[in-house]
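Given the structure is predicted, the values throughout are model-derived calculations rather than measurements.
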Amino acid sequence: MIVFFSILGVFIVTWLQISINILLMLSATALARLELQTSRFNNWPAFIILSLLSTVGLILGWGLNYYFSVDHLASKFCLPFDLGCIEIPYGVDIPNYQKEK
């Protein structure tokens, strides 16, 4: 057990950013669970509420990650009002047309 916990400690310190995110998610879930228990929710309604909120957050995160990803934004120039998109080849600079005075 000592060797296991020491290796686990090395992994936690090595990947500190990931470990902090995991601890943040666990603590937020525990605090939400305590808040639901003090609001007198039973086990199943609290589980369903937390599951739905986390699923919506996951789907929203995936969607925003896809929308704001570098490849997605760099490969298309979309016109407003659903007029369509113009494909831009990779590695081609977009010309900067400015009004000359």
_Take a 6.0 Å sphere around CD of Glu35 and say whether it holds more than 12 heavy atoms from other residues, nucleotides or ligands._
no
Please tabulate, for side-chain N and O atoms in residues 1-9, each donor-acceptor pair with protein atoms closer than 3.5 Å (sequence neighbours left out).
| unit_1 | atom_1 | unit_2 | atom_2 | d |
| --- | --- | --- | --- | --- |
| Ser6 | OG | Ile2 | O | 3.2 |
| Ser6 | OG | Val3 | O | 2.7 |

How many angstroms lie between [atom1] in [X] and [atom2] in [Y], if you round to the nearest 0.5 Å?
X: Thr38; Y: Leu36; atom1: OG1; atom2: CG; answer: 7.5 Å
X: Ser39; Y: Ile49; atom1: OG; atom2: CD1; answer: 9.0 Å
X: Leu53; Y: Thr29; atom1: CG; atom2: OG1; answer: 10.5 Å

Under 3.5 Å, side-chain donor or acceptor atoms of residues 54-64 against the rest of the protein: list the pairs with distances, not counting sequence neighbours.
| unit_1 | atom_1 | unit_2 | atom_2 | d |
| --- | --- | --- | --- | --- |
| Ser54 | OG | Leu50 | O | 3.0 |
| Ser54 | OG | Ser51 | O | 3.0 |
| Thr55 | OG1 | Ser51 | O | 2.7 |

*Flag yes if Leu23 and Ile18 sit in one hydrophobic cluster, no otherwise; membership is Ile, Leu, Val, Met, Phe, Trp, Tyr, and two members link when side-chain heavy atoms are under 4.5 Å apart.*
no
_Ile20: partners by side chain to side chain contact (heavy atoms under 4.5 Å, CB included), with sequence neighbours left out_ = Leu16
*For Asn43, what residues pass the side-chain hydrogen bond (donor to acceptor under 3.5 Å, both in side chains) criterion, not counting sequence neighbours?*
Arg33
*Provide the full list of ring-ring contact (aromatic ring centres under 6.0 Å, His included) pairs with a residue in residues 14-39, sequence neighbours left out, each pair given once.*
Phe11-Trp15
*Qualifying ring-ring contact (aromatic ring centres under 6.0 Å, His included) pairs with a residue from residues 21-44, counting only residues at least two apart or across chains*: Trp44-Phe47
